[in-house]
Number of protein chains: 2
Amino acid sequence: MNAKYISIYHKLIEQIEKGIYSVGSKIPSEKCLMEQFDVSRDTIRKSLQMLEQNGYINKVKGKGSFILDTAKFNFPVTGLISFKELSAQIGRTAETIVEKLELKKPSKFIKEQLLIDDETSIWKVIRSRKIDGKKIILDKEYYNGKYVEKLSREICEGSIFDYIENTLSLNIGFAKKEIVVQTCNEDDRKYLDLDGYDMVVVVNTFVYLDDGSLLQYGQSRHRPDKFKFVDFARRIQQNI
Amino acid sequence: MNAKYISIYHKLIEQIEKGIYSVGSKIPSEKCLMEQFDVSRDTIRKSLQMLEQNGYINKVKGKGSFILDTAKFNFPVTGLISFKELSAQIGRTAETIVEKLELKKPSKFIKEQLLIDDETSIWKVIRSRKIDGKKIILDKEYYNGKYVEKLSREICEGSIFDYIENTLSLNIGFAKKEIVVQTCNEDDRKYLDLDGYDMVVVVNTFVYLDDGSLLQYGQSRHRPDKFKFVDFARRIQQNI
DNA sequence: GGCAATTTGTTCGTATGTATT
DNA sequence: AAATACATACGAACAAATTGC
């Protein structure tokens, strides 16, 4: 079903992770891979481009494609260290608590964020994330009721995005995230185990559908000592 | 000199920023752009791919390529809001102060970070960034002496990376950044105007050369209220 | 619902340019 | 200087999604 270049991309990742090619060494040349997978050069180049974009290899003209030390880039090469991975890494019990779930008319602020009119309702979901008995992340999310007609507690306890993509068959296109640090507010104190910290890391997220319409505005509020964001960049714009 | 697809990419950005295509509307189809620029489809598709990766457009199969509201993604679509841009945005005076510059043998920690042996010296640079009379960013950087033989105060007052790329002709390949939040240390208190804050946002940066060797390890320490990081993502991995 | 036209996605082939060894 | 490896560019064909008739 999938495109050839994507399945080759996954096969190459598998080989890299198995350690078939050692870090710092080269993967076979494009010509060699063409023969190995019996595809055209175009297809191989697309696979390699994906590997490069995701931080697995570094291509150098005239030399070859070098394996990078992805092991050192512990998991998601770019992105927030998610709750799931965080707990998996620590190897402790993790839990999602649905603190609030309601369908309501949007406030002025949310109306501005989600760019909706007065008639549209929105789903407001508040969830806290517990690791090792302590609530360390507070997620507030607002979904455009135009696209998400129904939400249940059960869905919120699992993955809302699975539900949106698989059950509702909506195609998520892209997202914008913004990381800032703020002083704690009332809700943070109410829902989180702050252990004396008076600041939280706030990740504002805007999730758009395929067609450019805004599906979700969310705020993820993290206890500062449990927060980590990793970015892998190919083009570097240095500060001054 | 440059590739066609790159110059077309820049031309299209220019047109988008001029507002020739309005937000939410489509840019001309690939076929149309082929004729307009008198190039092959392959070339146009490469240009469009760059536009998509950098958050200018959203491509939808069967429909076309839609202009995104880049104006709302104020400046670098992905990346740290740099000191330069921060000050430009605020429209205030900005200043770089070189607090320390020395060539020395690495400490154990730096030796581990830069992966160097006992013989190699490293350049240690400490710079603070002042906006509107207040020091809000503290940059500590360590350069592998093997690649950077000479550094001067003058270079540090300007752009070290310009010097590395243009004067030393080293090719920077990629970088890894890691954002965490920490309690202030002595140096933060010594060099920064913290205004009562007791935490800083720490951006750890590892900059690699083309061939995969590590050039720089840096720590950028920001006053929490002046920090902002923006991320534009096409593939979204949702937390749980 | 079906069909044709349009638009982007995937794959193949070929040729030439540029950097490295 | 020659061989190797990646980069750019062109052309062609078919697939898949969308839109309008």
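Values below: every heavy atom of this structure, side chains too, minus hydrogens, waters and symmetry copies. All chains are named by letter (A, B, ...) in the order of the sequence lines, taking the proteins before the strands, and each is independently numbered beginning at 1.
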Test side chain to side chain donor-acceptor pair (under 3.5 Å) applied to [X] - qualifying residues, sequence neighbours left out:
X: B:Asn144; result: none
X: B:Asn171; result: none
X: A:Glu52; result: none
X: A:Glu112; result: A:Lys108

Opposite nucleotide pairing with D:dA1, Watson-Crick or G-U, both atom distances under 3.5 Å: none
Distance, rounded to the nearest Å, where A:Ile44 contributes CD1 and D:dA7 contributes C1':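 So the two atoms are 16 Å apart, to the nearest Å.
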List the atom pairs, with distances to 0.1 Å, where a side-chain N or O of residues 149-156 of chain B and a protein N or O form a donor-acceptor pair under 3.5 Å, not counting sequence neighbours.
unit_1   : atom_1 : unit_2   : atom_2 : d
B:Ser152 : OG     : B:Glu154 : N      : 3.4
B:Ser152 : OG     : B:Glu154 : OE1    : 3.4
B:Ser152 : OG     : B:Ile155 : N      : 3.2
B:Arg153 : NH2    : B:Val98  : O      : 2.7

Per-nucleotide protein contact along nucleotides 4-14 of chain C, 5' to 3', at a 4.0 Å heavy-atom cut-off (B base, S sugar-phosphate only, - neither), is ---BBBBBBS-
